[in-house]
Amino acid sequence: MSGLTGKLWPSHPKPQQDELLSSWLSRVALSNAPRAHTFCHLVWPNKQIWTRDIDLCGDEALITSLSQHTATSLDKARSTKLEVFEGIVFEKLIQNGRTRWIMPTGVFHRERTRFGLQWCPLCFQSDDVSYFRKHWRFAFVSCCPRHGVILADRCHNCGSPVLPFNRGPNICHLCGIDLRDYPVVIGESVALQFEYCLIKRAYDGHTCLAPYEPIYPIAYFDIIRRLVQLIAFSNHAQQLREIIARRYGGDPSPPVYDPDRHDIEFIPPKDRHKLMGLVARILPGWPFRLIGVCSEAEVWSSQILKDMKPVRYHLWEPTKQYLSGIALPRRTGNKNI
Ligand SMILES: [Zn+2]
Ligand SMILES: [Zn+2]
């Protein structure tokens, strides 16, 4: 590994289209050394890399070094960072904490306790070299926009989260099975279309929520997240899901989630997929489908906006106007009510 001191490393793969920093760094390291840890320790002896979520905390020095030693332009190297979505999908990428919409990997030393690194087995199969895409780290992405299948988030043999820096991107670090063989499940068309639009919006920043257009993308993404949370975790969640499914279709079955973690980022892909399909169905004709569904379930603005920070105008205005909490009298048998 003496070649690591030269201007170019012996092997210097470039980032693939939409590749995630951790994926690129894993490929660079494993193509130059038998172990990614060894490579990174030799090149950056004082830097914590695999004991962190490097997609959240990869700094400019690391990016510059990667850029120089792989003959990759600095812009291209920087494009592998999730920071490129700041101000669009979320306000600020939080290095040592949770960021809205970013799936957590649960870093524990060199292990991972959460399933935040998703992949499409068919993309892996069709890649010349399998690699992880940036958009697979988003919680609003539960399926592949190219192949229409639900994303994988854990080894189908041993159930472990994936650690691409151990044995490469498509090999389970624990049991050694090929992750390209993950059994595929076809997604549902409404959720697929919706997620495709969200991915597009995350990359080009153009969002609208009729009839209020345009809307800042960050406000749009916040509103979508609030709607998902409402139908996943609120006291009326089951009722809301059933009303949406009865009126507009979709699967109202309850999502599986950690009872201590009421956030979409902790829900497995197949359950997020159902929730995204239901939210997609209340957006057309905004806000009147939402108003109708919430009225029927007697869910009022105070519940919809509860603890929402910041409150987004395009959700606040219609819910205040139409769902201000004046409930219709219940039928009690007393005709005077
Ligand atoms: Zn795919
Ligand atoms: Zn495994």
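Every number for a ligand or one of its atoms is a count from 1 in the order of the listing. Keep in mind that what you see is a predicted model, and the values were worked out from it rather than measured. Quick note: residue numbers are just sequence positions, from 1.
- For Phe85 and Trp101, the ring centers sit 6.0 Å or farther from each other.
- The distance between the ring centers of Tyr216 and Phe221 does not fall below 6.0 angstrom.
- One of the N, O or S atoms belonging to Cys172 lies under 2.8 Å away from the Zn ion (ligand 2).
- Remark: Tyr248 OH is packed, more than 12 non-hydrogen atoms of other residues, nucleotides or ligands lying under 6.0 Å away.
- Rounded to the nearest 10 degrees, the angle SG (Cys123) to the Zn ion (ligand 1) to SG (Cys144) equals 110°.
- A donor-acceptor contact under 3.5 angstrom links the side chains of Arg201 and Tyr220, judged on distance only.
- Among the atoms of Cys155, an N, O or S atom is found under 2.8 Å from the Zn ion (ligand 2).
- Checked against the Zn ion (ligand 1), the N, O or S atom of His147 at the shortest distance is ND1.
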